[in-house]
J.: 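Let me give you the structure first, and then I'll get to my questions.
Both ligands and their constituent atoms are indexed starting at 1 by order of listing. Values below: all heavy atoms of this structure, side chains included; hydrogens, waters and symmetry mates excluded. Counting from 1, the numbers follow the sequence of the chain as shown. This structure is a prediction, so every number in the text was calculated from the model and none was measured.
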Amino acid sequence: MTTIAEPQAENAAPGPYGALMEITRRPPIAFTHGRGGSLWDSEGNRYLDFIQGWAVNCLGHAPPAVARALAEQSARLLNCSPAYYNEPMMRYADALTAAAGLERVFFANSGAEANEGAIKLARKWGALHRGGAWEIVTTAGGFHGRTLATMSASGKAAWDGLFEPRVAGFPKVPLNDIGAVEAAITDRTVAVMLEPIQGESGVRPADDGYLRALRALADRRGILLILDEIQTGMGRTGALFCFEHAGVRPDIMTLGKGIGAGTPLAALLAREEVCCFDPGDQGGTYNGNALMAAVGHAVLEELTAEGFLERVCEAGAVLRRDLERLSGKYGLGGVRGRGLLLALDLKPRTDGFALVEKALAAGLLLNAPAPDALRFVPALNVTDAEIAEMLDLLDGLLKRP
Ligand SMILES: *Cc1c(COP(=O)(O)O)cnc(C)c1O
């Protein structure tokens, strides 16, 4: 992801590994294994992981439930092509749609691919039901992936001018400004698309009231509400889906990251009335493959087990309280986010990238989405002892000038 690549680029040690395309500057270590909140490198050093593959490993490293599902399913059936039904795909589709309160699902391999599907579905719906409307209003600072269309949908200033020409039809509005959305809607508009909390741009929440106003506006103007819950979904904010906090129901939702707990899985969900793909419109070699469906189902069962999400809320409250204490101690800008998707606003400090570098040297994996913020996305089953260990390390790093 860019947000780590760009920050670390300035300080990372040289020595790119020549056989790999250098898509990011990596520090000169190689990880060999992990367990829960810990990772070990080839020299035997341990690191406390508060990045977890960028909010991906929701159950931590090497979770037994995933290992079991992979072993059992891989010995039965990996893939029989999306041209056929398979049992795990059908079982998981029922479970995930029931949990989300959306009637239909298409399984994909990455978040960007799920978002591409969402954009296609909305455009087709617009062609059929809204006089050919095809524009999708998206937000400044939003992040939706790295394919051509999803880069164009993203509101990342650093990408301006890259891979031109952009895919057309993604007018941008500032986040949390309902008037700006209202003004941006025209006859060409088919949908509004956003993250309930902008993750990559630094953990910037859409207000609950704003999300409710968007839902009402979409209904009034006859357009779709698309929520990109790739980072916020699957328990990350303490509810299975972040939209639950605001009590809105999206027309289309995308999931990724935590949905596979570290394995490549994503999903596009939609209300029945919106599902207008005809055979041939959408597909992909690996969609709904039995292996990933079995893993996804096992992950969903873990996340919805009795007490799991309550514990996420509890851990999130502990982490927030302790970060707020640090913020007060060092005169920083406070904490934002929800559940276990939190950022410490470093302002007036702007040494976030240097702090990440020092944290790595101290055995702590942290992310700075911007020079003035640190992002915390531990495993959802992070322990209080791990939170205390992280806070101790961070306190030591902030102490030094
Ligand atoms: C990570 C992310 C994506 C892209 O997912 P990939 O699996 O990397 O393609 C899209 N939207 C949001 C909100 C994300 O956090």
J.: Between Gln198 and Gln231, do the side chains contain an N or O donor and an N or O acceptor separated by less than 3.5 Å?
T.: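 Per modelled atom types, Gln198 and Gln231 side chains form no pair under 3.5 Å.
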J.: Do Asp228 and Asn115 have side-chain atoms, one donor and one acceptor, less than 3.5 Å apart?
T.: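 Checked: Asp228/Asn115 side chains pair up, N/O donor to acceptor below 3.5 Å.
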J.: Using a strict 4.0 Å cut-off to heavy atoms of Gly111, name the atoms of ligand 1 that fall inside it.
T.: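 Those atoms are 5 (O), 6 (P), 7 (O), 9 (O).
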J.: Under 3.5 Å between some N or O of ligand 1 and some N or O of Ala112?
T.: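 Indeed, backbone or side chain, Ala112 has an N or O that close.
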J.: Are the side chain of Arg311 and the backbone of Val382 linked by a donor-acceptor contact shorter than 3.5 Å?
T.: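 Present.
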J.: So does Leu255 get a backbone contact from the side chain of Lys257, meaning a donor-acceptor N/O pair under 3.5 Å?
T.: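 Absent.
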J.: Using a heavy-atom cut-off of under 4.0 Å, does the side chain or the backbone of Glu195 touch ligand 1, or both, or neither?
T.: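 The part of Glu195 near ligand 1 is the side chain, not the backbone.
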J.: Give the atom numbers and elements of ligand 1 that come within less than 4.0 Å of a heavy atom of His144.
T.: 10 (C), 11 (N)
J.: At less than 4.0 angstrom from any non-hydrogen atom of Asp228, what atoms of ligand 1 do you find?
T.: 10 (C), 11 (N), 12 (C), 13 (C)
J.: Can you confirm whether the side chains of Tyr47 and Asp41 place a donor and an acceptor under 3.5 Å from each other?
T.: yes
J.: Quick one: do the Thr232 and Glu229 side chains pair a donor with an acceptor below 3.5 Å?
T.: yes
J.: Among Gln231, Glu200, Lys257, which one puts a heavy atom closest to atom 14 (C) of ligand 1?
T.: Lys257
J.: Does the N or O separation between Gly145 and ligand 1 drop below 3.5 Å for any pair?
T.: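 Gly145 vs ligand 1: no N/O contact under 3.5 Å.
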J.: Using a 4.0 Å heavy-atom cut-off, which part of Trp54 comes near ligand 1: side chain, backbone, both, or neither?
T.: neither
J.: If we ignore angles and hydrogens, is there a donor and acceptor under 3.5 Å between the side chains of Glu116 and Thr150?
T.: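 Not at all, the side chains of Glu116 and Thr150 share no donor-acceptor pair under 3.5 Å.
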J.: Pull out every atom of ligand 1 sitting under 4.0 Å from any heavy atom of Ser110, numbered as shown with elements.
T.: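 Checking each atom against Ser110, I get 7 (O), 9 (O).
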J.: Pick one of side chain, backbone, both or neither for how Asn115 approaches ligand 1, counting any non-hydrogen atom pair under 4.0 Å.
T.: side chain
